[in-house]
Amino acid sequence: MLFSLPVVRRTLNLVAFAAAVPVVLAAQGPPSRTTGQQPVVIRGGWLFTSTGNDVVRNQGMLIVGGRLVAVNRAITASETAGARVVDLKDDEYVLPGFFDVHAHYNMTLGANGLRSDEYTYNPIIFLANGVTSTFPGGEYDPEGMMEARKRIDAGEQVGPRIYNSGPYFGTARRGWNQNATQADIYRDVDEWAAKGARAFKAKGIAPQHLRWLIERAHLHGLTVTAHLESGFRNSTNARDAILMGIDRVEHILGGDQLDSTKTAYPLWSMVDTSSKQFKDIASLFVSRHVMFDPTITAPVYFSQLPEGFDYWVDERKFFSPEVQAWVKAQPARKAVPSWDSLYNAMKRTTKALYDRGGILTLGTDNPSRGEFLAGFSAHRELHTLVMIGIPPAAALKIATINGARAMGVSDKLGTIEVGKLADLFVIGGNPLTNIKNTRNVHLVMKSGSIYDPKALLAEVEGKIGASPKRAAQ
Ligand SMILES: [Zn+2]
């Protein structure tokens, strides 16, 4: 979560919810998926490969053993023999799978106000939306998330790739030790690196702790991203984090626009992108190749602005009847005007950084409280990137290859190229003429396995937030 509104903050100090949901969805059976073993030929339609800036007519693609063996060439009869053939219509477009690099699985699912990681059904929502790779960006139940990732990797559960972040580093972790020593931080990093964390997320972290986290993570070849502040109350400004060697930054750019005697967000809401302070911090991001993950849509949820959180599928139906009843009983969400200004600041700073050559990623930081789900919000964030003036092709690269770079997997994923893993999805309508067309997901492929997004979503209806007993039925 980006912001700690009172109702949200209340949840942060409670003990971790033991979300022991023993449900493992069958890997086979329903017609919503095929295994990645059978070769697949995809013919017709169009391709956006994320290697160029245009769409091209698809002559043919061949996927064998989960990999792209041929891209955009005529597929021979012998190659087609024994393969599953997918013929696309002329208004269908193939895109690389999306990366959501701020993809919280955690959500608030009822009256206790407790946020917990939902890794049983939420993974299906991501996948059904063409989001084939996710970085959770801070986990409340990192052990459970790690187990979910292993089940997905083993084909025992359906979901996107999960690049585990492990627990938050900083006050966002329940029970975080503000007096942790260098040895404590190193031990913590070593432990989560050994368990398989793929990158770390800091939030509410003191400068010395962040320095140790970065040092140790880099020793393991792992990266660090952070939700940062102004420097106020022993928090860390992004400027200092960049000088320490941080790899990525979330939400706001920081720098001298912020006053270290004040909290960051109200000042950031007034940021002047033509100021020297802004140019200095933007230049630092660019010169140090630090990636910026703006999560622009996150504050819209709290703002007076309807744009950003519209429904094209009523996401409320995926929650259990109990959660739906709880949401209905809530007072109407109070729109706070100050979120409008923050949202507008995020829009203009993100565009200004992009114009100066900054590297952006797509992250949702979805504030799920029974109404919206991050898998859908990936398309909201993408749309927002285009709304601020980023060309659609560049926005699609931000959602694909830039995410792969952020996760250190751009040699295997992020584009549609021969030799890469076959993570892709098919949409209806040209995304370059209307970016909202990415919402019309017709087919999803991960590692060569085909999923029917409608069938996947149908499996989740009424399930999120159901008690484990109910979910097992
Ligand atoms: Zn977050």
Side-chain angles (χ1 to χ4, degrees), residues 1-13 16 99-109 113-119 122 125-126 131 133-142 145 162-174 176 197-205 210 213 223-229 235-236 238 241 246-254 263-265 268 291-303 308-309 339 342-343 346 350 360-369 371-378 380-381 384 403 406-407:
M1 279 289 292
L2 171 49
F3 306 108
S4 299
L5 283 179
V7 65
V8 175
R9 187 184 297 126
R10 201 180 68 229
T11 70
L12 293 180
N13 297 320
F99 280 72
D100 180 348
V101 300
H102 198 132
H104 287 305
Y105 284 75
N106 64 63
M107 47 182 77
T108 307
L109 292 172
L114 201 63
R115 274 185 95 71
S116 54
D117 290 315
E118 203 292 335
Y119 38 66
N122 204 19
I125 299 280
F126 279 114
V131 180
S133 286
T134 56
F135 174 68
E139 297 161 2
Y140 289 116
D141 177 11
M145 287 294 299
I162 298 175
Y163 302 86
N164 289 104
S165 67
Y168 285 99
F169 280 74
T171 55
R173 186 192 303 186
R174 293 159 182 159
W176 174 252
R198 298 290 295 273
F200 293 104
K201 166 78 182 292
K203 179 175 179 180
I205 195 165
L210 182 60
L213 167 61
T223 58
V224 176
T225 189
H227 169 141
L228 296 166
E229 250 284 342
S235 65
T236 309
I246 199 165
D247 304 279
R248 299 185 282 128
V249 170
E250 310 292 316
H251 315 311
I252 63 171
L253 297 167
T263 182
Y265 283 88
W268 193 253
M291 299 183 121
F292 180 58
D293 186 46
T295 70
I296 306 172
T297 44
V300 179
Y301 181 78
F302 304 105
S303 82
F309 278 97
W339 297 123
L342 180 58
Y343 168 63
M346 287 174 142
T350 300
L360 305 178
T361 50
L362 183 142
T364 52
D365 195 24
N366 195 82
S368 179
R369 297 177 56 78
E371 296 168 284
F372 302 103
L373 288 158
F376 292 93
S377 287
R380 298 185 170 103
E381 184 73 13
T384 306
M407 292 293 106

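Counting starts at 1 for both ligands and their atoms, following the listed order. Keep in mind that the numbers below use all heavy atoms, side chains included, and drop hydrogens, waters and symmetry copies. These numbers come from a predicted model, not from an experiment.
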Below 4.5 Å, heavy atoms only, C-beta onward: do V101 and Y163 meet side chain to side chain?
-> no
Could you check whether the rings of W176 and F169 sit parallel, tilted or perpendicular, using 30° and 60° as the cut-offs?
-> perpendicular
Assess E250: does it contribute an N, O or S atom lying under 2.8 Å from the Zn ion (ligand 1)?
-> no
The Zn ion (ligand 1) - name of the N/O/S atom of D365 that sits closest to it | OD1
Can you tell me, to 10 degrees, how wide the angle at the Zn ion (ligand 1) is between NE2 on H102 and NE2 on H104?
-> 90°
Do the numbers put R248 on top of the ring of F135, so that NZ or CZ is under 6.0 Å from the six-membered ring centre and no more than 45° off the axis?
-> yes
Looking at T297, N366, T361, T364, which one forms a side-chain hydrogen bond (donor to acceptor under 3.5 Å, both in side chains) with E381?
-> T297
